[in-house]
2 protein chains.
Amino acid sequence: MSTVNLTKNQTLVLDVLTRSEGPLSAYTILDKLRDHGFRAPLQVYRALEKLLEFGLVHRLESLNSFVACAHREHACCSHGTVAFAICESCGQVSEFHDHVIDDQLNSWTRGKGFKPSKTTIEIRGLCAACNI
Amino acid sequence: MSTVNLTKNQTLVLDVLTRSEGPLSAYTILDKLRDHGFRAPLQVYRALEKLLEFGLVHRLESLNSFVACAHREHACCSHGTVAFAICESCGQVSEFHDHVIDDQLNSWTRGKGFKPSKTTIEIRGLCAACNI
DNA sequence: TGCGTCACGTAATGTTATTACATGAATTGT
DNA sequence: ACAATTCATGTAATAACATTACGTGACGCA
Ligand SMILES: [Zn+2]
Ligand SMILES: [Zn+2]
Ligand SMILES: [Zn+2]
Ligand SMILES: [Zn+2]
């Protein structure tokens, strides 16, 4: 659980994401940080790039947006693939891990000689609260 | 295995995707169809929307691009979630299904009361040929 | 004929992401 | 102390991806 030294911009971006209820697009983050001196998309994208490297943030491909990791205490990157359930009504995102799925994907890739670098699993739908 | 009647534009787009080695972005499709009278992105996006509905085409979220379904004879939509392995070197895409993964995801969503509408599974990495 | 639906066309605009270039601070090796 | 290198940052411009708004003609059906 090595703690990383974040730069000022990285800290600002991570704080915004951590405080947010749901995922945010890069441009939404930019808007939220204009008061703190952010003026260009690149400032956000550069910070996000590092935060993704550190495993502190995840990118939701199906939403073109970003969330703070929900399992920071566990060093997310270390325990396999992460999956997300995304509610299309309220925007809530649940992050989870599943070793059976991991194993199954690994078994497929090994069988094919495919060397995975990054795996995306995203379930869009309605959360329990919205599915009344 | 009901065959759908495609419109002219839908046929053109599907043909381009079917002939293509790998996934194509909407704008690449547009360029390839300029000779056939395509002039605006919307023509492509409208055709893609229908082809996605029909299950003849898949969208790769992590690539913002589209592929023809590799299992048309099996009526792709009918047998659960589709997964893709995408080679970051040669661009080749392998489409596959795995019932264990399906079951595992379904068991998670049932447990949470989450009602899935669409699931994305994409593995980025290096295919066997590129991973020498 | 009048009406609704649907595929299509065109233009404009909105959203997301990257490239190119410049500056200043911190780090390293001598 | 000095040059060389690296890294975070700033700014502007542009590229890539996607949607909204509006209008037309074809078709099926009361
Ligand atoms: Zn995480
Ligand atoms: Zn919800
Ligand atoms: Zn398919
Ligand atoms: Zn390859």
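Below, each value reflects all heavy atoms present in this structure, side chains not excepted, and no hydrogens, waters or symmetry copies. Proteins get letters first, then strands, A, B, ... in listed order; numbering begins at 1 in each. It should be emphasised that the depicted structure is a prediction, and the values quoted were computed from it without experimental measurement.
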> B/Arg124 and A/Thr119: side-chain donor and acceptor closer than 3.5 Å?
Replying inline: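 The criterion, which ignores hydrogens and geometry beyond distance, is not satisfied for A/Thr119 and B/Arg124.
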> Do NZ/NE/NH1/NH2 and the carboxylate oxygens of B/Arg59 and B/Glu122 come within less than 4.0 Å?
Replying inline: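 Between B/Glu122 and B/Arg59 there is no salt bridge, as every charged N stays at least 4.0 Å from the carboxylate O atoms.
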> Can A/Glu88 and B/Lys118 be counted as an ion pair, charged N to O under 4.0 angstrom?
Replying inline: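 No, this pair does not count.
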Measure from [atom1] on [X] to [atom2] on [N] and round the result to the nearest Å.
X: A/Leu48; N: D/dA8; atom1: CG; atom2: C1'; value: 15 Å
X: B/Leu63; N: D/dA16; atom1: CG; atom2: P; value: 15 Å
X: A/Asn5; N: D/dC7; atom1: CG; atom2: P; value: 15 Å
X: B/Glu49; N: D/dT20; atom1: CD; atom2: C1'; value: 13 Å
X: B/Lys50; N: C/dC6; atom1: NZ; atom2: C1'; value: 8 Å
X: B/Glu61; N: D/dC17; atom1: CD; atom2: P; value: 14 Å
X: A/Leu6; N: D/dT9; atom1: CG; atom2: C1'; value: 16 Å
X: B/Asn9; N: C/dT10; atom1: CG; atom2: P; value: 11 Å

> Just how large is the angle between the end axes of the helix from C/dT1-D/dA30 to C/dT30-D/dA1, five pairs per end, to 10 degrees?
Replying inline: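 Overall, the helix from C/dT1-D/dA30 to C/dT30-D/dA1 bends by 30° from one end axis to the other.
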[X] side, atom [atom1]; [Y] side, atom [atom2] - distance, nearest 0.5 Å:
X: A/Thr28; Y: A/Leu30; atom1: OG1; atom2: CG; answer: 9.0 Å
X: A/Thr7; Y: A/Leu14; atom1: OG1; atom2: CG; answer: 10.5 Å
X: B/Trp108; Y: A/Ile123; atom1: CH2; atom2: CD1; answer: 6.0 Å
X: B/Gln92; Y: B/Leu126; atom1: CD; atom2: CG; answer: 11.5 Å
X: B/Leu6; Y: B/Leu51; atom1: CG; atom2: CG; answer: 6.0 Å
X: B/His36; Y: B/Asp15; atom1: NE2; atom2: CG; answer: 8.5 Å

>> Do A/Leu60 and A/Val82 sit in one hydrophobic cluster, given that two such residues count as connected whenever their side-chain heavy atoms are within less than 4.5 Å of each other, even indirectly?
In response: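 Yes, because A/Leu60 and A/Val82 connect within a single hydrophobic cluster, where side-chain heavy atoms sit under 4.5 Å apart.
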>> Are B/Val67 and B/Phe96 linked, directly or through intermediate hydrophobic residues, by side-chain heavy-atom contacts shorter than 4.5 Å (ILVMFWY only)?
In response: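 Different clusters.
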>> Just to be sure I understand the geometry, which residues of residues 13-41 of chain A put a non-hydrogen atom under 4.0 Å away from DNA chain D?
In response: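 Correct list: A/Arg39, A/Ala40.
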Please tabulate the protein-to-nucleotide N/O contacts below 3.5 Å involving nucleotides 23-26 of chain C, giving atom names and distances.
none

Do the side-chain N or O atoms of [X] get closer than 4.0 angstrom to the phosphate oxygens (OP1, OP2) of [N]?
X: A/Gln43; N: D/dG10; answer: yes
X: B/Asn64; N: C/dA17; answer: no
X: B/Thr7; N: C/dC8; answer: yes
X: A/Arg59; N: C/dA17; answer: yes

> Can the ring centroids of A/His58 and A/Phe66 be said to lie less than 6.0 angstrom from one another?
Replying inline: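 No, the ring of A/His58 stays outside the 6.0 Å limit from the ring of A/Phe66, centre to centre.
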> Which nucleotide sits closest to the side chain of B/Tyr45: C/dA17, D/dT19, D/dA8?
Replying inline: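 Selected nucleotide (nearest to the side chain): D/dT19.
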>> For A/Arg46 and B/Leu42, find the nucleotide of DNA chain C closest to each by heavy atoms; which residue's nucleotide sits nearer the 5' end?
In response: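 Looking at the nearest nucleotide for each, B/Leu42 comes out on the 5' side.
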